[in-house]
Every structure is written in C-alpha cells, then in structure tokens.
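Encoded as structure tokens, the structure appears first; notes follow it.
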Amino acid sequence: MIIAIDGPAASGKGTIARQIAAAYGLHHLDTGLLYRAVAKALLDAGHSPDDPARAAEAATMLDPERFDENALKSQSVTDAASVVAAIPEVRQALINYQREFATKPPGAVLDGRDIGTVIAPGADVKIFVVASPEVRASRRTLEMRSRGEMVDEKEVLADLLRRDARDSRRTAAPLKAAPDAHLLDTTHLGIDAAFRAAVDIIEAVRAGRKRR
Ligand code: DC
C-alpha cells in the first residue's frame with residue numbers, strides 16, 4: 001500500500017504521516033528532508049541556492065541514509081529548501097529515489113508537496129492536509145520555541161505565506177491537491193483527532209475498494 005500525504009508547511013502532514021506509517025507497519029519518507037539536504041549542501045559549500053547546475057549536482061550526490069534531521073531544520077535551510085525545490089533539475093534528480101522508496105515492500109507513506117501528483121500518482125490513498133495560515137504559524141512558533149529558538153509569531157506567519165506562495169506558484173510540480181486526493185482540514189483538530197481522521201479516510205478508501 002502506498003499512501004501519499006501532501007500539504008503546506010505546518011499543516012500537520014508530517015506528524016500524520018509518521019503515525020499512519022507506524023499504525024499500518026509501512027515505511028515513512030519525509031520528502032521535504034531531501035530538498036532541505038540539497039539546500040544545506042549548497043549553503044555549506046558557500047553556493048547560492050538558486051544556482052541550478054550546482055543544486056542539481058548536490059541533488060545527484062545526496063545520500064539520504066546519512067541525514068542529520070536537526071541540522072536540516074534551521075531557518076536558513078528552510079528558506080533555501082523552498083528555493084532549490086523550484087529548480088526542475090533538482091526535482092528530476094530526486095524522483096527515482098522517492099519512487100523506489102514508495103515501492104519498497106510492504107509499502108510506504110510519503111509526505112511532501114507533489115507525492116499524489118508526480119511521485120506516486122497511482123498511490124492507493126491520497127490525502128491533502130490543510131489548516132489555516134494562523135493555526136499553522138502558531139504550531140510552527142511553538143515547535144521552534146520548544147527547540148529554544150526565539151521567534152515572533154507574526155514573522156513566522158509571514159515566512160509561511162512566502163513559502164506557500166513560492167511552493168504553489170512554481171511551474172515544476174507545484175504544491176496542489178491531486179484531483180483524487182481526500183482533503184483533511186486540521187485547523188480545529190489536535191494531533192489525535194487528525195490521526196483518526198486520516199485513518200477514517202484510509203479505511204473508507206479500502207472498504208470502497210473491497211465492495212467494488
Ligand atoms: O515539508 P518541508 O517544509 O520540510 O519542505 C521543505 C521545502 O521543500 C518546502 O519549501 C517545499 C519543498 N518540498 C517540495 O517542493 N516537494 C516535496 N515533495 C517536499 C518538500
């Protein structure tokens with residue numbers, strides 16, 4: 001079973017994806033880490049994140065088995081990730097790894113922006129997770145403060161909106177729901193309720209398949 005979970009930053013998709021993978025015994029890939037790792041490689045080497053040739057080279061050299069997730073969460077990497085993610089050559093270089101991951105037995109949950117549209121258009125279940133920008137900013141602020149970062153919620157909101165715009169307006173695999181994706185709005189849902197809503201969607205899709 002392949003489950004595609006897409007949506008904007010801080011919508012809750014990552015937490016839902018991790019919990020769904022654990023509940024169903026599936027592999028999990030946070031595909032945002034791939035773009036973050038490309039961005040970090042460029043920044044570490046002193047290159048600009050909008051240099052297509054260097055970014056594509058960094059994407060080709062990536063070793064996803066050796067990620068240090070904490071180092072990939074900084075604000076500079078977050079900003080640069082959304083820039084490299086708009087470069088078609090970078091996306092192309094990362095497709096095979098993601099597709100191979102998706103087909104590893106017994107199946108996988110992938111979360112990102114283009115899983116249901118580009119990486120796994122034939123996924124068994126597609127969920128598009130959304131939440132209001134204000135709620136997403138509040139969640140992201142709490143998360144950053146828990147890591148000891150001093151942040152202003154208004155700035156976090158402005159940053160989220162900037163990234164949403166960049167991720168949705170790019171021509172290469174923009175952030176958008178697949179036509180057959182199930183919308184899950186977590187604005188008024190806590191973590192447990194969001195997880196249960198995702199399970200309900202998955203079970204409804206599976207039950208529908210059995211009846212046919
Ligand atoms: O989900 P995230 O915030 O870790 O993603 C980091 C950046 O990578 C974000 O700006 C969107 C981009 N991204 C993407 O374009 N496609 C994906 N499948 C995953 C992330």
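Read the numbers this way: they start at 1 and go in the same order the structure lists the ligands and their atoms.
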(request) For R54, check salt bridge (charged side-chain N to carboxylate O under 4.0 Å, His left out) against everything at least two apart and list the hits. (result) D51
(message) D164 vs R136, test: salt bridge (Lys or Arg N to Asp or Glu O under 4.0 Å). Steps then yes/no.
(response) CA-CA 11 Å; D164 281 359; R136 293 192 286 126; 2.5 Å; yes
Does ligand 1 have any N/O atom under 3.5 Å from a protein N/O, and what are those pairs and their distances?
residue	atom	partner	partner atom	Å
ligand 1	1 (O)	R113	NH1	2.8
ligand 1	1 (O)	R113	NH2	3.3
ligand 1	3 (O)	R36	NH2	3.1
ligand 1	3 (O)	R113	NH2	3.4
ligand 1	3 (O)	R163	NH1	3.3
ligand 1	4 (O)	R36	NE	2.7
ligand 1	4 (O)	R36	NH2	3.3
ligand 1	10 (O)	D167	OD1	3.2
ligand 1	10 (O)	D167	OD2	3.2
ligand 1	15 (O)	R91	NH1	2.8
ligand 1	15 (O)	R91	NH2	3.4
ligand 1	15 (O)	R170	NH1	2.9
ligand 1	15 (O)	R170	NH2	2.8
ligand 1	16 (N)	R91	NH2	3.0
ligand 1	18 (N)	T31	OG1	2.9
ligand 1	18 (N)	R113	N	3.2
ligand 1	18 (N)	D114	OD1	2.9

(request) Any pair with a residue in residues 94-107 that passes salt bridge (charged side-chain N to carboxylate O under 4.0 Å, His left out), sequence neighbours left out, goes on the list, sorted by first then second residue, please. (result) none
Side-chain donor-acceptor distances from residues 63-72 under 3.5 Å, at least two apart:
residue	atom	partner	partner atom	Å
D63	OD1	E65	N	3.1
D68	OD1	N70	N	3.3

(message) Please check: side-chain N/O of D6 versus main-chain N/O of G116, any donor-acceptor pairing under 3.5 Å?
(response) yes
(request) Answer yes or no: is there a donor N or O on one side and an acceptor on the other, between the side chain of T186 and the main chain of S11, under 3.5 Å? (result) yes
